[in-house]
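For reference, the structure discussed in these notes is given below.
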Amino acid sequence: MFLIVNADFAPLQASLNHLQTRLGDLSEPLANIGNVLENSIRYRISNSKTAPDGKAWAQAKHAKKSGSLLVDTGGLMSGITYAASKNAVIVGSDKLYTMYLHYGTQNKDGSERLPARPIFGIAEQDYHDIDELLTDYLTGAFK
């Protein structure tokens with residue numbers, strides 16, 4: 001059984017062309033997603049001290065009474081960045097030591113030296129923010 005529908009899309013053609021143009025190059029929404037994730041990472045580092053899944057980070061052994069070793073010099077925060085293209089967004093850091101923060105380190109005997117403090121990933125709130133951002137973007141595509 002086949003169902004064939006013929007329709008005149010002429011009244012919608014301008015909107016469909018606009019949508020195709022916008023969906024062909026997603027650099028705008030991907031840059032916005034990169035910005036959302038960059039800000040979320042910065043918040044995790046400076047405020048919440050939690051992994052993207054919501055788990056609290058281990059307390060630093062040499063934590064200061066005031067301030068944070070992770071934000072005192074500003075190097076870690078300034079290194080968090082993103083790059084967006086028409087079909088991808090990459091969020092990361094230009095600081096090599098960020099991987100040691102994210103994954104932690106071990107001594108030669110396998111014992112933990114520096115506990116992992118995951119900063120990269122998408123938190124539950126990030127999913128909501130990105131969904132809202134994409135909804136707004138797609139809604140705007142039809143205007």
Side-chain angles (χ1 to χ4, degrees), residues 3 5-143:
L3 176 63
V5 177
N6 291 317
D8 179 14
F9 290 105
L12 298 173
Q13 197 61 53
S15 293
L16 290 170
N17 289 342
H18 188 63
L19 179 63
Q20 182 179 19
T21 300
R22 289 185 71 145
L23 292 180
D25 180 358
L26 298 176
S27 56
E28 181 184 346
L30 290 172
N32 291 335
I33 290 170
N35 190 50
V36 165
L37 296 175
E38 180 183 311
N39 288 331
S40 179
I41 292 166
R42 289 173 191 269
Y43 181 81
R44 276 196 281 284
I45 293 168
S46 64
N47 296 82
S48 73
K49 310 287 192 252
T50 58
D53 65 4
K55 292 180 184 172
W57 290 346
Q59 180 67 33
K61 293 177 183 175
H62 305 291
K64 296 180 179 182
K65 297 233 183 221
S66 63
S68 168
L69 291 172
L70 298 177
V71 297
D72 282 350
T73 66
L76 177 62
M77 297 295 265
S78 68
I80 305 299
T81 189
Y82 69 89
S85 68
K86 67 179 186 175
N87 58 5
V89 62
I90 298 171
V91 181
S93 174
D94 63 358
K95 307 297 185 208
L96 181 61
Y97 59 83
T98 307
M99 94 174 148
Y100 302 118
L101 171 68
H102 184 80
Y103 293 110
T105 62
Q106 293 181 340
N107 293 312
K108 289 183 180 182
D109 66 3
S111 62
E112 184 179 75
R113 181 172 182 180
L114 175 70
R117 293 181 177 89
I119 58 174
F120 297 108
I122 302 177
E124 188 68 31
Q125 184 62 47
D126 298 337
Y127 282 110
H128 295 292
D129 294 344
I130 292 168
D131 183 53
E132 185 177 309
L133 186 150
L134 291 176
T135 300
D136 290 347
Y137 179 76
L138 289 172
T139 302
F142 285 107
K143 291 183 178 177

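Here the shortest heavy-atom pairing between Ala123 and Arg44 reads CB-NH1, 3.8 Å. The two atoms that bring His102 and Ala116 nearest to each other are O-CB, 3.5 Å, heavy atoms only. Heavy-atom minimum distance, Leu26 versus Tyr137: CD2-CE2, 4.4 Å. Between Trp57 and Ile45, the shortest heavy-atom distance links the atoms CH2-CA, 3.8 Å. In terms of heavy-atom proximity, Phe120 sits nearest to Pro52 at O-CG, 3.4 Å. Heavy atoms only, all atoms of each residue included: Leu30 and Val89 are closest at O-CG2, 3.5 Å.
Identified under the salt bridge (charged side-chain N to carboxylate O under 4.0 Å, His left out) test for residues 26-41, with sequence neighbours left out: Glu38-Arg42.
Looking only at side-chain heavy atoms (C-beta outward), Thr50 and Lys55 stay at 4.5 Å or farther from each other.
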Under the side-chain contact (heavy atoms from CB on, under 4.5 Å) rule, what do Ile130 and Asn32 come out as? Steps first, then yes or no, please.
CA-CA 8 Å; Ile130 292 168; Asn32 291 335; over 6 Å; no

Under the criterion side-chain contact (heavy atoms from CB on, under 4.5 Å), I'd like the reasoning laid out for Asp94 against Thr81: C-alpha separation, chi angles, the key distance, then a yes or no.
CA-CA 8 Å; Asp94 63 358; Thr81 189; 5.6 Å; no

Between Ile90 and Tyr82, does the side-chain contact (heavy atoms from CB on, under 4.5 Å) criterion hold? Intermediate values first, please.
CA-CA 5 Å; Ile90 298 171; Tyr82 69 89; over 6 Å; no

Please lay out, stage by stage, how Met77 and Ser46 fare under the test side-chain contact (heavy atoms from CB on, under 4.5 Å).
CA-CA 9 Å; Met77 297 295 265; Ser46 64; 3.8 Å; yes

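Atoms NE2 and CG, on His128 and Leu133 in that order, are 14.5 Å from each other to the nearest 0.5 Å. A distance of 11.0 Å separates CG in Leu114 from OH in Tyr100, rounded to the nearest 0.5 Å.
Around atom CG of Leu134, more than 12 heavy atoms belonging to other residues, nucleotides or ligands sit under 6.0 Å away.
In this structure, the side chain of Arg117 engages the main chain of Ala58 through a donor-acceptor pair within 3.5 Å.
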